[in-house]
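Here's the structure we're looking at; comments come further down.
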Amino acid sequence: MPMKYAIILPDGAADEPIEALGGRTPLEAARTPNVDWISATGRQGCVVTIPRAFSPGSDVATLSLFGYDPHTHYCGRAPLEAAARGIEVGPEQLVFRCNLVTIVDDVMEDFTAGHISQREADVLIAELNTRLNGKRVTFHRGISYRNLMVAFDATMANLQCTPPHDIPHQAVAEHLPRGTGAEWVLDLMRQARAILAEHDVNHVRRDLDENPATDIWLWGQGRPKPMQAFAERFGVRGAVIAAVDLVRGIARTVGMDVIDVPGATGFLDTDYAAKGRAAVETLESYDLVIVHIEAPDEAGHLGDAAEKVLAIERIDEHIVGPVLAALRTCDRWRILVAPDHPTPVGQRVHTRTPPPFCMAGEGITALLKRPFSESASAESDLQIERGHELMEYFLRA
Ligand SMILES: [Zn+2]
């Protein structure tokens, strides 16, 4: 019998002690009997998902957790998201993440433009394509505020851009693109601002007291880099369940199947139970299922401790629980729970503190026998310095 594996990635779930939670972290405060069972009967530790040379983005951290060294494989966030959308990026082209954002008085008020609806985002992206079509760029629709732009001329290779979720409520002036091609990007952003300012979608959003999409924010640029197929690298056939394009794109780039789940939104309102059911079904036809849930990260960015606790509890009940139950009916199985990085509610941005993980199953003997938490994991002997080795350890050790 081949081993069955499940990996649960609660994005940004790691945190720091929060006063409003009685000095506990959201992972500690949340009721998570299933994750606690995994950590108490198996092992927990910490993993360096963000190598020193990189900033703490989900792109770098998730590459590490998929078992690919960012030093070798990192090519920027946008090319991975383009892969998820099936967008071809030519060798002379450069693809950018294009957020729809709300900037008020030169301050990054909201990097999601009020989590703008899909329909409204689609209309704005189409309008930008029509009005800026002389600029040798193409805008591509993504999910809500997370869109893409392909520039036909990739001579801007030395451009430094800042993720807009790294500068909440900060003045944007110090964080505008710098380096080769910065002027060109800034000019594009200015022209987009003029187009968006007068658009009906934004008039309606203002009337309804919702954040308008005042600007596009270009970042995460890069060109696609091929990666060795996961099945070839690890000898395990896997499928991925994820709502966000970044994780879907990593999966596609390494040749894994992506399972669509109706109701999976990449936000707090995602259908957790639907993802749990899909994961259980996927395990029937694949040896590995990876389930990514964006909600804890979004709650962290919102600075909302209660929502973060709720997201973690729902993941435990509706995803970890059913997956664990299904695995335990198999002869041979292992499960791993691993947040990609902390998104502390108190800071509302990602940090580079190595996040905790826990795993259980065949051949994994109990170490600490404690519930899953950041502090217990930090005390464990199991500290993985090179994050991409965790996958190897989990699948083969
Ligand atoms: Zn993340």
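Here the structure is a predicted model, which means the values were calculated and not measured. Note that ligands are numbered from 1 as they come in the structure, with each ligand's atoms numbered from 1 the same way. The chain is numbered in sequence order, starting from 1.
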As a test of reading the structure, name the N/O/S atom of [X] that is nearest the Zn ion (ligand 1).
X: H341; result: NE2
X: D11; result: OD1
X: D340; result: OD2

From the Zn ion (ligand 1) out to just under 2.8 Å, does an N/O/S atom of [X] turn up?
X: S58; answer: yes
X: H350; answer: no
X: E294; answer: no

Considering only Ile, Leu, Val, Met, Phe, Trp and Tyr, and joining two whenever side-chain heavy atoms are under 4.5 Å apart, list the other residues clustered with V150. I87, V89, V95, L148, F152

Result of checking R252, R77, R85, R97 against D245 for salt bridge (charged side-chain N to carboxylate O under 4.0 Å, His left out): R85

Close aromatic pair by centroid cut-off 6.0 Å: H165 and W219: yes

How about H388 and F66: are their ring centroids closer than 6.0 Å? no

For Y68, which residues count as a ring pair (Phe, Tyr, Trp, His ring centres under 6.0 Å) partner, sequence neighbours excluded? H73

